[in-house]
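Working notes, structure below.
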Number of protein chains: 2
Amino acid sequence: MVAGPLPAPSGPGKDRLRLWIRLLRASRTIEADLRERLKKDFNTTLPRFDVMAALYRAPEGMLMSDLSRFLLVSNGNVTGIVDRLVSEGLVARARRNGDRRTSMVRLTEDGVKSFGIIAAAHEGWIGELLGKVSEDDARRLTGMLTSFRSNWEGRE
Amino acid sequence: MVAGPLPAPSGPGKDRLRLWIRLLRASRTIEADLRERLKKDFNTTLPRFDVMAALYRAPEGMLMSDLSRFLLVSNGNVTGIVDRLVSEGLVARARRNGDRRTSMVRLTEDGVKSFGIIAAAHEGWIGELLGKVSEDDARRLTGMLTSFRSNWEGRE
DNA sequence: GCAAATTATTTCAAGCTTAAAGTTTTATAT
DNA sequence: ATATAAAACTTTAAGCTTGAAATAATTTGC
């Protein structure tokens, strides 16, 4: 007598599993919506937006490895995205005098201008997409996710 | 006098933006970890796991379009993943008599066995990764995400 | 000084992903 | 009946993603 594949999941561990599934679905739902809007309204992509957002916060520039660490993606991945942004004139690489392995990556003037416009729209979209989440819940959720992050970073 | 790019974000709408960023980072962090474990321990991938998980819940099989809707990915995407799973003998396609456009996709016997093993490990990983989230927070978070989902599905 | 280890980045192959266009089959409206 | 539309998939091209291997520059340990 074996449990079928379809009993309502319950028991220890199931609460965490359910939480993970909800979390993943929520973020994929929102991500898909943002991706579509970025394409339709600005003919760009989420990875490009992510890179530009990171660089916008660092006017002095970032190393490739900083970018990949910050964005939680692989090194090789960032290379390709930055290559495309460079070819579009939105981002520039500058070799450094000190260490010739590294290059400082930063937004160009065009990049800053372009990102500013897209970011404003983006913030509006998020307000729209998450509008039904009460201010209170938003802050509570954020708090929980922040403490998740702290625990994660402090893990052995 | 323009606000610099680095003031702590604040004001209306910023709470939602911050929530979204936290949500995205949490799910990417966990996703990256799961991806790595799936590769190392079972030489498989998250998309393959996702498809198999969906099929495991539907012993009678699913249509390709059901799969893509459920997983929130495009049609063509599912085609490729299922192709690979079929070539590995974990999944089977069966043409239906009724409608020759469609094919019922289901796990093979091997697929069921294989998924059972991986899913057990997966649940353990999640328990581990989210272990620091209290039972209470887990349930609260799940509740908020569930209501987000309802609002989303009920949007105009 | 110099070999060995480390660090920063790029390249590569395989696979994932999307949006758009194409194919085949079924349903609908004359 | 038969054109037209709709539905279920697949194919395609471009881009994203990873992990591993390759390059090049710097640092470390004798």
Side-chain angles (χ1 to χ4, degrees), chain A residues 24 27-29 31-52 54 61-88 90-91 93-105, chain B residues 24 27-29 31-52 54 61-88 90-91 93-105:
Chain A
L24 186 57
S27 72
R28 284 194 181 168
T29 300
E31 253 187 294
D33 197 278
L34 292 179
R35 206 185 304 279
E36 193 184 332
R37 293 183 193 231
L38 283 171
K39 172 83 173 176
K40 271 208 170 45
D41 291 3
F42 298 105
N43 194 37
T44 189
T45 67
L46 199 48
R48 278 170 166 89
F49 179 82
D50 289 343
V51 166
M52 293 181 77
M62 285 177 89
L63 300 181
M64 293 298 282
S65 38
D66 291 340
L67 265 175
S68 92
R69 215 181 343 268
F70 181 73
L71 298 175
L72 306 174
V73 299
S74 68
N75 264 342
N77 188 358
V78 176
T79 298
I81 298 168
V82 167
D83 282 351
R84 273 166 234 120
L85 287 171
V86 167
S87 80
E88 291 167 21
L90 300 170
V91 158
R93 281 185 233 242
R95 291 237 163 268
R96 286 197 303 173
N97 292 348
D99 186 334
R100 278 178 307 186
R101 289 170 302 182
T102 66
S103 58
M104 254 347 205
V105 181
Chain B
L24 185 57
S27 71
R28 284 194 180 169
T29 301
E31 251 188 294
D33 197 278
L34 292 179
R35 205 185 305 276
E36 192 184 332
R37 293 183 193 231
L38 283 171
K39 173 81 174 180
K40 270 208 171 48
D41 291 3
F42 298 105
N43 194 36
T44 189
T45 67
L46 199 48
R48 279 169 165 89
F49 179 82
D50 289 343
V51 166
M52 293 182 76
M62 287 177 88
L63 299 181
M64 293 297 281
S65 39
D66 291 339
L67 264 176
S68 92
R69 215 181 343 270
F70 180 73
L71 297 175
L72 307 172
V73 299
S74 68
N75 263 343
N77 188 358
V78 176
T79 297
I81 298 168
V82 167
D83 282 351
R84 273 165 234 122
L85 287 171
V86 167
S87 80
E88 292 167 20
L90 299 170
V91 158
R93 281 185 233 243
R95 292 236 162 269
R96 287 198 304 176
N97 292 351
D99 186 335
R100 277 179 308 186
R101 289 170 301 183
T102 67
S103 59
M104 250 352 201
V105 180

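Numbers restart at 1 for each chain; the letters A, B, ... are given by sequence-line order, proteins then strands. Below, each value reflects all heavy atoms present in this structure, side chains not excepted, and no hydrogens, waters or symmetry copies.
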Would you kindly give the CG-to-P distance between B:Asp66 and D:dA7, to the nearest whole Å? 14 Å
Taking every non-hydrogen atom, the tightest pair across A:Val78 and A:Met64: CG1-CE, 3.5 Å
Using every non-hydrogen atom in the two residues, find where B:Val91 and B:Val105 come nearest and quote the distance to one decimal. CG1-CG1, 3.5 Å
Separation of C:dT25 C1' from B:Arg95 CZ (nearest whole Å): 10 Å
Considering only side-chain heavy atoms of A:Arg35, which listed nucleotide, C:dT18, C:dG15, C:dT9, is closest? C:dT18
What nucleotide, of D:dT17, D:dC9, D:dT18, holds the atom closest to the side chain of A:Pro47? D:dT17
Nucleotide D:dA14, atom C1' - distance to CG of A:Asn43 in whole Å: 12 Å
Could you work out which one of C:dT18, D:dA25, D:dG19 sits closest to the side chain of B:Asn77? C:dT18
With a 4.0 Å cutoff (strictly under), does any side-chain N or O of A:Ser65 reach OP1 or OP2 of C:dT9? yes
Just by distance, do the side chain of A:Arg95 and the backbone of A:Thr102 share a donor-acceptor pair under 3.5 Å? yes
Name the residue closer to the 5' end of DNA chain C, choosing between A:Lys40 and A:Asp83 according to the nucleotide with the nearest heavy atom. A:Asp83
Taking the nucleotide of DNA chain D with the closest heavy atom to each, which residue, B:Ala32 or A:Gly80, is nearer the 5' end? A:Gly80
Are any of B:Asn75's side-chain N or O atoms less than 4.0 Å away from OP1 or OP2 of D:dC9? no
Atom-pair distance (CZ on B:Arg48; C1' on D:dT18), nearest Å: 13 Å
Just compare D:dT11, C:dT18, C:dT9 and give me whichever is closest to any side-chain atom of B:Thr79. D:dT11
Is any side-chain N or O of A:Arg100 closer than 4.0 Å to OP1 or OP2 of D:dT26? yes
For B:Glu31 and D:dT17, give me the distance from atom CD to atom P, rounded to whole Å. 11 Å
Taking donor-acceptor contacts at under 3.5 Å, does the side chain of B:Arg101 reach the base of D:dA7? yes
Would you kindly give the CD1-to-P distance between A:Ile81 and C:dT17, to the nearest whole Å? 15 Å
For B:Ala54 and B:Met62, which heavy atoms make the closest approach, and how far apart are they? O-SD, 3.8 Å
Any idea which heavy atoms bring A:Ile81 and A:Pro47 closest together, and the distance? CD1-CB, 3.7 Å
Please work out if A:Leu46 contacts a base, only the sugar-phosphate, or nothing of the nucleic acid, heavy-atom cut-off 4.0 Å. nothing
For B:Arg93 and A:Thr45, take the nucleotide of DNA chain D holding the closest heavy atom to each; which residue's nucleotide lies nearer the 5' end? B:Arg93
Here the distance between atom P of C:dA14 and atom CG of B:Leu85, to the nearest Å, is 18 Å
Could you tell me how far apart A:Lys39 (NZ) and D:dG15 (P) are, to the nearest whole angstrom? 9 Å
Minimum heavy-atom separation for A:Asp33 and A:Arg37, please, with both atom names. OD1-NE, 2.6 Å
Hey, does the side chain of A:Thr102 come within less than 4.0 Å of C:dA8's phosphate (OP1/OP2), counting only N and O? no
